[in-house]
Amino acid sequence: MRQIVLIFLIVVPIASCSVNPVTGQRDFTLLSVDEEVSIGEKNFAPARQAKGGDYHVDLELQRYVRDVGLKLAAVADNRQLPYEFVVLNNPVPNAWVLPGGKVAINRGLLLYLRDEAQLAAVLAHEIVHAAARHGAIQITRGSYMQFGSSVLSAQTEGNIYKSYADLVTSIGAAAWMARYGRSDELEADLYGMRYMARAGYEPVAAVELQQTFLALAGKAETEESWFNALFSSHPPSPKRVSANQMTARGLVSGARYKNRFEHAMRNLRKDKRAYNAAQAAGRALSKKLPKNAIKLLDKAIAIQPSEAEFWR
């Protein structure tokens, strides 16, 4: 028992209470803001590479998404973070953020959006997770749970100090694996819509997205769809839709910028047929039909010859 108390006294001073930049409430976290930013910067490049890499085919689309993100970050409560916004070459409809404001959105999710306001809804939601330090708080929660089990295990192995060292080295991985709780998601919805209104976007767009995702989640075929990735990290619910509707009613209306969004998306929408053909080629190859696969890849390359994935 004395050993457990000693370890507790070692760990607790590392953590500190800080004021949440978004809510104004006091949060308990292991990480300073600088440490949080460092984790995001160190993990962002490898995380992007592991999730398909950056979408290099359309640099204009990259700039467009970055500009929308920076417009929202400029009105965020924690705007001094080094925000980055990147489109990934990944067909899965998902978006995510690492501590310190490193935001990624998959090209697969962009295809489900209808205008710039809906894009702003996605990015603003992720910005809140970073601005409110949800990642740091999640790391702290997970690390203390992991530490507790490590202490119990180390007692039987006679190496209680090693458990603390293992905890420290695992923090970076914990940031990437973190999944936000229900309260974090509702908070990101609420303040994300406020950021949208501040930046001049129509907040109702966030409600529309939640309604769309809730409808898709309710379909049986969705169980096997790509939306599993999105639903696992951003679970839709009637409660979220209802809360967002109430929030929207209290905010000023804004712009949708549909034409601007469609112009930025024109190449990605055209290339959708190419990526569909490449996926069909993969299925043909798995069925040992190489000639069919080659024909499908030739079709994909004819539509978008700059996509290295097709040639590879």
Side-chain angles (χ1 to χ4, degrees), residues 44-70 84-96 103-123 126 205 208-209 212-213 215-216 219 221-231 233-234 256-312:
F44 196 37
R48 282 150 49 197
Q49 192 60 37
K51 295 293 184 178
D54 294 357
Y55 186 55
H56 294 297
V57 172
D58 193 344
L59 296 181
E60 183 181 343
L61 181 61
Q62 285 280 9
R63 287 190 292 269
Y64 171 73
V65 171
R66 179 200 64 198
D67 290 346
V68 173
L70 291 176
E84 290 185 56
F85 301 89
V86 177
V87 179
L88 298 187
N89 193 8
N90 190 320
V92 177
N94 203 3
W96 48 268
V103 180
I105 180 170
N106 293 351
R107 60 172 171 81
L109 181 54
L110 288 174
L111 291 167
Y112 281 89
L113 307 180
R114 298 203 299 266
D115 53 41
E116 189 174 308
Q118 290 194 352
L119 170 62
V122 174
L123 299 181
E126 302 302 335
E208 295 168 353
L209 275 182
T212 298
F213 296 155
L216 288 167
K219 295 181 179 179
E221 58 267 28
T222 303
E223 294 292 328
E224 302 298 328
S225 78
W226 290 339
F227 272 93
N228 283 341
L230 180 62
F231 294 156
S233 56
H234 302 81
R256 305 295 303 233
Y257 299 119
K258 183 175 178 62
N259 291 339
R260 193 159 70 188
F261 178 78
E262 286 302 325
H263 179 76
M265 287 286 293
R266 66 193 187 282
N267 291 327
L268 182 57
R269 293 202 190 281
K270 175 180 70 68
D271 290 346
K272 182 180 179 181
R273 294 183 296 115
Y275 289 104
N276 288 343
Q279 289 178 340
R283 292 192 293 269
L285 198 59
S286 68
K287 296 177 181 178
K288 302 188 185 304
L289 299 171
K291 290 184 179 180
N292 289 357
I294 291 295
K295 288 180 180 179
L296 287 163
L297 285 172
D298 285 342
K299 177 181 178 181
I301 289 169
I303 298 170
Q304 181 45 269
S306 298
E307 176 54 82
E309 177 185 334
F310 302 158
W311 295 95
R312 182 161 55 246

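Note that this is a predicted model, so its numbers are computed, not measured. The basis for the numbers below is simple: all heavy atoms, side chains too, and nothing from hydrogens, waters or symmetry mates. The first residue of the sequence shown is numbered 1, and numbering continues consecutively from there.
Scanning both residues, R269 and L113, for their nearest heavy atoms gives NH2-O, 3.4 Å. The nearest pair of heavy atoms linking W96 to L88 is CZ2-CD1, 3.7 Å. The shortest non-hydrogen separation linking A104 to F44 is CB-CE1, 4.3 Å.
In this structure a side-chain-to-backbone donor-acceptor pair under 3.5 Å is missing from N90 to N106. Counting only distance, with no hydrogens or angles, the side chain of Q62 and the backbone of Y55 share a donor-acceptor pair below 3.5 Å. Using modelled atom types, one side-chain atom of W311 and one backbone atom of P305 make a donor-acceptor pair closer than 3.5 Å. Between the side chain of R266 and the main chain of H263, a donor-acceptor pair closer than 3.5 Å is present.
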### Derivation and outcome, side chain to side chain donor-acceptor pair (under 3.5 Å), residues Y275 and E309
CA-CA 9 Å; Y275 289 104; E309 177 185 334; 5.8 Å; no
#### Entry: Derivation of the side chain to side chain contact (heavy atoms under 4.5 Å, CB included) call for D58 and D271
CA-CA 10 Å; D58 193 344; D271 290 346; over 6 Å; no
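Applying the salt bridge (charged side-chain N to carboxylate O under 4.0 Å, His left out) test between D54 and each of R48, R66, R107 identifies R48 as the sole match.
The distance from atom CG of D115 to atom CD of E208, rounded to the nearest 0.5 Å, is 7.0 Å. Here the straight-line distance linking atom CZ of R114 with atom CZ of R256 works out to 7.0 Å at 0.5 Å rounding. Put simply, NZ on K299 and CG on N276 are 8.5 Å apart, with the number rounded to the nearest 0.5 Å. How far CZ of R273 is from CD1 of I303: 4.0 Å, rounded to the nearest 0.5 Å. Atom CG of L285 is separated from atom CG of L296 by 10.5 Å, given to the nearest 0.5 angstrom. Atom CG of D298 sits about 12.0 Å away from atom CZ of F310, to the nearest 0.5 Å.
The shortest distance between side-chain heavy atoms of Y64 and R260 falls below 4.5 Å. Side chains of V65 and L123 form a contact here, defined as non-hydrogen atoms less than 4.5 Å apart. In this structure the side chain of V68 never reaches within 4.5 angstrom of the side chain of Y257, judged on heavy atoms. You'll find the side chain of N89 stays beyond 4.5 Å of the side chain of H56, heavy atoms only. Q118 is not listed as a side-chain neighbour of F261, based on a closest heavy-atom distance of 4.5 Å or more. Using a 4.5 Å heavy-atom cutoff, the side chains of L268 and V87 are not in contact.
In Q49, the CD atom is not crowded: 12 or fewer heavy atoms of neighbouring residues, nucleotides or ligands sit closer than 6.0 Å.
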